[in-house]
J.: 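First, the structure itself, so that you have it in front of you.
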2 protein chains.
Amino acid sequence: MTQQETQRRTRLNRDLVLSTAVALADRTGFEGLTMRTLAQEFGVVPMALYKHVANKEDLLDGMVDIVFSEVAVPSGPDWKTAMRERSISMRQALVRHRWAVGFMESRMRPGPANLRHHNAVMACLRQAGFSFRTTVHAYSTLDSYTYGFLLQEKTLPFDTAEESGEVAAQKLAMQPAEMAAQFPYLIEVVMELGMSGYDYDVEFRVGLDLILDGIEKLRPDWVDAASVSASVPESVPGVGDVATTAD
Amino acid sequence: MTQQETQRRTRLNRDLVLSTAVALADRTGFEGLTMRTLAQEFGVVPMALYKHVANKEDLLDGMVDIVFSEVAVPSGPDWKTAMRERSISMRQALVRHRWAVGFMESRMRPGPANLRHHNAVMACLRQAGFSFRTTVHAYSTLDSYTYGFLLQEKTLPFDTAEESGEVAAQKLAMQPAEMAAQFPYLIEVVMELGMSGYDYDVEFRVGLDLILDGIEKLRPDWVDAASVSASVPESVPGVGDVATTAD
DNA sequence: ACCTGAACACCGTTCAAGT
DNA sequence: ACCTGAACACCGTTCAAGT
């Protein structure tokens, strides 16, 4: 309406279309983003968008690159701190843009921020002394964890710690009481999380640190501090080869 | 056609609708599954389906429960082996049903197989001596990793080890040569994976074992075998409290 | 009890115009 | 160079009928 009365406020361009699409998806969810609703944001007919993006796939490529541009690149002398902060930054970006998690690694045409980010992560680990193969293991494990955590955080039926118990209870309340007795360990989840809640932030950090500690042991020069006495001699040959607990 | 000539082969029922929907999604992808294409599988009009499923959301609920029913529940005396096999079974199910990964933990109405599975996983860890909180950490970390790995395996542009290098090269070939020089560590990925390939199976197991080893240390009675001499005395007090390497 | 047909309010996208 | 309008081939789903 007002867009039509006044002269067009701003001419469309690709960056404006992309950033508006991101904001619209943040606000209304991915299903709320259609070429038609996006056009409406500008007071423009849907077809006007096709001058600035090739199609919806191209629009999505650009949106994902905006998300990548918001993720902090690992930096600093300590690879572990750098990678921890990068993962936390990735989570924050994906909490802001919940629609994005399924698309981050599925783009056939990665944008510049995407390439820059992946290159920087590889650089961080390679320069920390990890072999190429170990770097691939580390990167794959960390990103799998981060994306998987957010996939669940995105879609799990509760958002706040207070809500978590209630919704879990509702889930089971739908089943008859006898069925609830059939799953005692789910009852425990309902009771315990209902009392103490579920904090996504600390939960994410626990798994993250567990994985970072595991990655540390993949380094060729890694020495288990707990396996040597408090005053450690200069060389402890074969210390990493001691058998682990049987399983 | 033939469905119309002969008398209706089989009357529709919910289970048949659900299993056919799973098979159709496996064959044609999630976008290929619509109420209309599904109806066509039976030679029936789309509206006929609504007698057996409430709507598409309800259809999806049932499909996800079929996937859960295919995942091996953890069993056996050793929690680590049991959980490893469960994760591998989960991956296999999600490789068969790539459309499912984003929906496994997002159902508002979990089906019976879903409840049974989650209860069994909680039981396995609790009975292995993990505290409730630690069990939640362990479960969250393992599932995040598994779902995240499959999210990438599902959407990453290459399927086979042989393809991986080529597609990665294509990705970068789209950029000008100077841009490729801007990302030396991505070039390494293209070169190395082009030569030796990328095996999803072994890659998954590396991260999985790394996480299982980390979870083992969260157990209250865990003792670091590498931190004690080969012949271990009955009690080693405080051995787990030795400071780790600085970071 | 189960299936049908027509219709409604949506999609992304093409094509031919308009300014 | 940029935006419009009408149209096409799709969606999920409602409603009123058929057998």
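Remember, predicted model here, so these are calculated numbers, not experimental data. A note on names: the letters A, B, ... follow the listed sequences, proteins ahead of strands, and every chain is numbered from 1.
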J.: Given R91(B) and D201(B), is the salt bridge (charged side-chain N to carboxylate O under 4.0 Å, His left out) satisfied, shown in steps?
T.: CA-CA 9 Å; R91(B) 170 162 176 268; D201(B) 228 78; 3.0 Å; yes
J.: Please give, in whole Å, the distance from dT13(C) C1' to L59(A) CG?
T.: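 Taking CG of L59(A) and C1' of dT13(C), I get 14 Å after rounding.
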J.: In whole angstroms, how far is the C1' atom of dT19(C) from the CZ atom of R11(A)?
T.: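 After rounding, the reported distance stands at 12 Å.
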J.: Counting side-chain heavy atoms from CB outward, which of dT13(D), dC2(D), dT4(C) is closest to K51(A)?
T.: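 Nearest listed nucleotide: dC2(D).
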J.: Between W99(A) and F30(A), what is the ring plane arrangement, given parallel below 30°, perpendicular above 60°, and tilted in between?
T.: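 Parallel, since the angle between the ring planes stays under 30°.
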J.: Examine dT13(D): is either OP1 or OP2 under 4.0 Å from a nitrogen or oxygen in the side chain of Y50(B)? Give yes or no.
T.: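 It does, given that an N or O in the side chain of Y50(B) lies less than 4.0 Å from OP1 or OP2 of dT13(D).
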J.: Assign K56(B) to base, sugar-phosphate, or nothing according to its heavy-atom contacts below 4.0 angstrom with the strands shown.
T.: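 The residue K56(B) makes sugar-phosphate contact but no base contact.
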J.: Determine the interplanar angle of the H117(A) and F68(A) rings, folded into 0 to 90°, and report it as parallel if under 30°, tilted if 30 to 60°, perpendicular if over 60°.
T.: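 Tilted, since the angle between the ring planes falls between 30° and 60°.
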J.: Under 4.0 Å between a Lys/Arg side-chain N and an Asp/Glu carboxylate O for D199(B) and R205(B)?
T.: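 No.
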J.: Could you verify whether a donor N or O on one side chain and an acceptor N or O on the other, from Y147(A) and Q152(B), lie under 3.5 Å apart?
T.: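 No.
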J.: For the residue pair Y200(B) and Y198(B), categorise the inter-ring angle as parallel (less than 30°), tilted (30 to 60°) or perpendicular (more than 60°).
T.: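 Geometry flag for Y198(B) against Y200(B): perpendicular rings.
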J.: Between C1' on dG12(C) and CE on M35(A), what's the gap in Å once rounded to a whole number?
T.: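 In whole Å, dG12(C) C1' lies 8 Å from M35(A) CE.
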J.: Calculate the interatomic distance between Q40(B) atom CD and dC10(D) atom P; express it in whole Å.
T.: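 Computing the Q40(B):CD to dC10(D):P distance gives 10 Å.
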J.: Based on Watson-Crick and G-U pairs with both distances under 3.5 Å, what dot-bracket line describes DNA chain C 5' to 3', crossing pairs as [ ] and inter-strand pairs as |?
T.: ||.|||||...|||||.||
J.: Rounding to a whole Å, what distance do you find between R36(B):CZ and dG12(D):C1'?
T.: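 Between C1' of dG12(D) and CZ of R36(B): 7 Å.
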J.: Check the distance between dC2(C)'s C1' and L49(B)'s CG and give it to me in whole angstrom.
T.: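 To the nearest whole Å, that distance equals 12 Å.
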J.: Any residue in residues 19-34 of chain A with a heavy atom nearer than 4.0 angstrom to DNA chain C? Just list them by number, or reply none.
T.: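 When residues 19-34 of chain A is checked for heavy atoms under 4.0 Å from DNA chain C, the hits, listed by number, are T34(A).
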J.: Please determine if a side-chain N or O atom of H52(A) lies less than 4.0 Å away from the OP1 or OP2 oxygen of dC2(D).
T.: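 Answer no for this pair, as no side-chain N or O of H52(A) is under 4.0 Å from OP1 or OP2.
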J.: Whole angstrom is fine here: how far is it from CG in D58(B) over to P in dT13(D)?
T.: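 Between P of dT13(D) and CG of D58(B): 10 Å.
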J.: What is the separation between atom CG on L38(B) and atom C1' on dG12(D), rounded to the nearest whole Å?
T.: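 Value for this atom pair: 13 Å.
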J.: Return the nearest nucleotide to the side chain of T37(A); candidates are dT13(C), dC11(C), dT4(D).
T.: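 From the listed options, dC11(C) comes nearest.
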J.: May I ask you to test the H52(A)-L59(A) pair for a side-chain heavy-atom distance under 4.5 Å?
T.: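 No; the side chains remain at least 4.5 Å from each other.
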J.: Of the options dT4(D), dG5(C), dC11(C), whose atoms approach the side-chain atoms of M47(B) most closely?
T.: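 Of dT4(D), dG5(C), dC11(C), dG5(C) is nearest to the side chain of M47(B).
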J.: Would you confirm whether the ring centroid of Y139(A) sits within less than 6.0 angstrom of the ring centroid of H118(A)?
T.: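 Yes; Y139(A) has its ring centre under 6.0 Å from that of H118(A).
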J.: Determine yes or no for a side-chain-to-main-chain donor-acceptor pair under 3.5 angstrom, with T146(A) supplying the side chain and S87(A) the backbone.
T.: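 Checking the backbone N and O of S87(A) against the side chain of T146(A), no donor-acceptor pair under 3.5 Å is found.
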